[in-house]
Every structure is written in structure tokens, then in C-alpha cells.
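Notes to accompany the following structure.
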Amino acid sequence: MNRVLVPLQLDGAAPVLGAQAHRFCGETMGTTWQVIFATPERGVKPGLRAALQDELDLVVAQMSTWRPGSDLDRFNRAPAGTWHALAEPFAHVFEAAVWMANVSGGAFNPAAGALVNLWGFGPAPRYTDPGFRVPDDPAVQAALARSDWRALQWDADLRRAQQPGGVCLDLSAIAKGYAVDRVAQRLADMGLRHTLVEVGGELRGEGLALGGQPWWVDLELPPAVQGAHPLLPTRVALHGLCVATSGDYRRAYTHNGAIWPHTIDPRHGRPVAHGLASVSVLHEACLWADAWSTALMVLGREKGVALAAEHGIAALFVQREPDGRLTETLTPAMEALAG
Ligand code: AMP
Ligand code: MG
């Protein structure tokens with residue numbers, strides 16, 4: 001049987017009889033977004049689509065490593081010792097990212113941009129570029145020296161951060177989740193209560209779908225391993241709940257027979273290689289689902305399960321066992337949702 005996860009509390013009225021479903025979609029952050037909502041209104045408010053795109057564009061304009069001239073890009077290029085006032089959304093994500101870095105002992109690291117770039121997962125050079133070479137040890141050490149998040153000074157009163165010199169912020173592990181939250185909030189501000197928002201596989205569900213059912217979503221699983229028994233899907237009722245998944249199978253290359261995923265362990269400066277195939281996290285805020293899934297992906301199953309349990313985080317770990325099988329581990333908070 002499939003595993004089914006349902007929040008401990010279900011509340012709120014279903015969309016009224018005669019409600020209609022609407023869907024909008026587009027592109028952002030090198031991936032796709034979509035929004036589905038159920039409302040009794042036949043038409044949709046003019047400007048709704050543009051309002052949603054505005055939210056996504058704001059996140060890109062402030063926090064993208066890929067958009068030349070974004071606030072983050074300007075911070076990364078700024079001279080050592082300079083202070084930079086951050087817009088409120090950027091500051092919010094920055095503070096959350098630094099919190100996650102502290103709590104995870106640097107497994108999650110918002111200052112890992114130099115390492116991410118070095119391993120070919122930044123804007124350039126890409127690991128897919130012809131002639132791309134795996135970096136040597138001196139290059140890794142040099143990038144590590146520029147990836148210390150503790151060197152970042154943060155002045156909360158003036159909402160400004162100091163560029164210590166050569167540090168490249170990378171908020172890609174958390175900004176997508178934050179964008180999901182912003183879009184969901186914008187829909188709520190427009191009076192829409194029954195909404196499903198997705199950006200690049202990260203989702204937030206509020207209220208209910210047409211027919212009074214929750215928004216049912218299957219957790220993303222690593223691709224099946226040849227010859228091994230496939231994992232059964234885990235179905236989640238996204239009712240006031242978000243999900244994010246980090247995995248070693250998205251954006252990765254193989255080198256000397258090993259998988260080199262785009263998740264870097266900033267404590268030693270190399271892609272993670274402990275056999276964790278994916279981590280999915282459920283949380284009330286997509287920003288936190290996103291941040292935690294990356295942090296746990298770096299920590300690995302043993303340390304990750306322990307830290308998630310300590311913080312009451314609902315997470316599902318999929319491990320590649322030495323014999324090639326995929327096995328699942330649920331944290332206690334995730335077990336509780338499985339009933
Ligand atoms: P996600 O898919 O949310 O796990 O985010 C992966 C992206 O986050 C990568 O493409 C990098 O840009 C960035 N990243 C990689 N390793 C880390 C890390 N240890 N901490 C924070 N961000 C990271
Ligand atoms: Mg993430």
C-alpha cells in the first residue's frame with residue numbers, strides 16, 4: 001500500500017458548490033511555476049497573473065545568483081569591508097539562512113557560492129560545459145577560504161550586511177521555498193483560500209481542492225534503481241503544509257563512478273557523497289521546508305535524522321544502500337503524520 005501523510009488538524013470549509021478551478025503557470029529561477037486555486041468566482045481578477053509573476057520577479061531581482069545585477073550579485077562583487085542595506089525580503093531570507101547555518105553546524109551555508117561555482121553548479125563555468133574539469137585540491141581550499149558564513153557581519157537594526165571580501169552568497173537552497181510562500185501569501189491577500197502553489201517541485205497547499213478533498217501530492221522520489229524493488233509513493237495532504245525535496249539525482253554528474261550532486265558539503269568543500277539519494281521535508285513554511293531539506297541532505301541520514309528529530313522536523317530520507325537498494329527512514333514527526 002502507498003504511505004499516506006495527513007496533517008494532524010484539518011479545518012476550514014471546502015470551496016462552495018459551483019466553484020471553479022483555475023490554473024496559471026510560467027517560468028522563473030530556471031524552472032517552472034504553477035498555481036491552482038478553487039474559487040466560486042467565474043472570472044479571475046484582472047492582473048492576478050502579473051501579481052504572482054511580480055512576487056517571483058522580486059525574489060529573483062534580490063536573491064538570484066544567476067541574474068547579473070541582482071542585489072545578491074552586487075553584494076558578491078562588492079569590495080571587502082563594504083556594508084549593504086538589504087531590502088526586507090532579502091534580509092528575511094538571509095537571517096533564516098544564517099540561522100540554518102548555525103543550527104546545522106555549517107552543513108547549510110549561505111556563503112558557499114564560491115564552492116558551488118567551483119564545482120560547476122553556478123552560472124559559469126557549468127559542469128556541462130565541454131572541457132569542464134573537476135577542481136583540484138588547492139582550488140577547493142581557496143574556495144573554502146571564501147565560504148565562511150561566520151565572516152559575514154549582520155547589523156539587524158540597520159538591516160545591513162558586510163561583505164568581508166570575496167564571499168559569494170548563494171541562497172538558491174532557500175529562496176525557491178521563500179518564493180512559494182510569497183506567492184501563496186499574495187493569493188491569500190486577494191481573498192483566495194484554496195490554493196496550491198508550486199515552484200520547481202516545491203509546494204504549498206492551503207485550504208482544499210474542488211470537491212472538498214485536500215491537495216494530494218506525491219513526494220518526489222529518486223529514479224528507480226535497475227533491478228531493485230521500487231519504492232512505493234508517499235502521498236501527502238498539503239493542507240496548510242509545504243513540501244521541499246533535495247536530491248542527489250537532480251543536477252549532478254558522475255565522476256570515477258560516483259555521483260557528484262549539486263549539494264556541496266561546505267565543511268570540506270566537496271559534493272556530498274554519503275549515499276543519501278533524497279530528503280523530503282514537510283513544514284508549515286516552504287522557506288523552512290527548503291532550507292531543512294538542503295541542510296539534512298548535507299548532514300546525511302544518521303546526523304540528519306538526529307537533528308531533524310531534535311527540532312521536530314518531519315522528514316523522509318531515502319538512502320542508497322551498498323547493495324543498490326533504496327531504503328526509507330522517517331523522523332518521528334513524519335511518522336506522526338503517517339498515523
Ligand atoms: P536545494 O535543491 O534546495 O537543495 O538547493 C541546492 C542549491 O543550493 C545548489 O544548486 C547550490 O546553489 C546551493 N547549495 C549547494 N550546497 C549548499 C549548502 N551546503 N548550503 C546551502 N546552499 C547550498
Ligand atoms: Mg533547499
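In this chain, numbering begins with 1 at the start of the sequence shown. Not measured: the values here are computed from a predicted model. Order of appearance sets the numbers: ligands from 1, and atoms from 1 within every ligand. Hydrogens, waters and symmetry mates play no part in the numbers below; they use all other heavy atoms, side chains included.
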Should D189 and Q185 be marked as a side-chain hydrogen bond (donor to acceptor under 3.5 Å, both in side chains) after you check the CA-CA gap, both sets of side-chain angles, and the distance that decides it? CA-CA 6 Å; D189 292 346; Q185 185 58 49; 2.8 Å; yes
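- The option from V272, L115, T294 that lies nearest to atom 4 (O) of ligand 1, judged by heavy atoms, is T294.
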Check the pair T327, E321 against side-chain hydrogen bond (donor to acceptor under 3.5 Å, both in side chains), reporting the backbone distance first and the verdict last. CA-CA 7 Å; T327 56; E321 301 294 350; 2.4 Å; yes
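- The single protein non-hydrogen atom nearest to atom 16 (N) of ligand 1 is I264 N, 3.0 Å, given as residue, atom name and distance.
- For ligand 1, the atoms closer than 4.0 angstrom to any heavy atom of D290 are 3 (O).
- Heavy-atom distances between A107 and ligand 1 reach below 4.0 Å in at least one pair.
- Near S246, the atoms of ligand 1 lying under 4.0 angstrom from a non-hydrogen atom of the residue are 1 (P), 3 (O), 4 (O).
- No side-chain N or O of E198 forms a donor-acceptor pair with one of W33 less than 3.5 Å apart.
- No salt bridge links R3 with E335; every basic N to acidic carboxylate O contact stays at or beyond 4.0 Å.
- In the candidate list D265, D170, L169, T65, D170 is nearest to atom 12 (O) of ligand 1, counting heavy atoms.
- Distance alone, capped at 3.5 Å, places no donor-acceptor pair between the H84 side chain and the R160 backbone.
- Counting the atoms of ligand 1 from 1 in the order shown, those under 4.0 Å from a heavy atom of P266 are 19 (N).
- Other residues, nucleotides and ligands contribute over 12 non-hydrogen atoms within 6.0 Å of the CZ atom of R267.
- Looking at atom 20 (N) of ligand 1, its nearest protein heavy atom turns out to be N109 N, 2.9 Å.
- The V298 neighbourhood of ligand 1 comprises atoms 19 (N), with distances under 4.0 Å to a heavy atom of that residue.
- Protein heavy atom in closest approach to atom 14 (N) of ligand 1: V116 CG2, 4.0 Å.
- Here the two rings, on H262 and Y127, have centers that are 6.0 Å apart or farther.
- Between W288 and W99, a ring centre-to-centre spacing shorter than 6.0 Å is recorded.
- Ranking protein heavy atoms by distance to atom 15 (C) of ligand 1, first place goes to H262 O, 3.3 Å.
- Listed by chain and number, the protein N, O or S atoms at a distance under 2.8 Å from the Mg ion (ligand 2) are A173 O, D290 O, D290 OD1, T294 OG1.
- In this structure, of G177, A173, A295, S293, the residue bringing a heavy atom nearest to atom 5 (O) of ligand 1 is A173.
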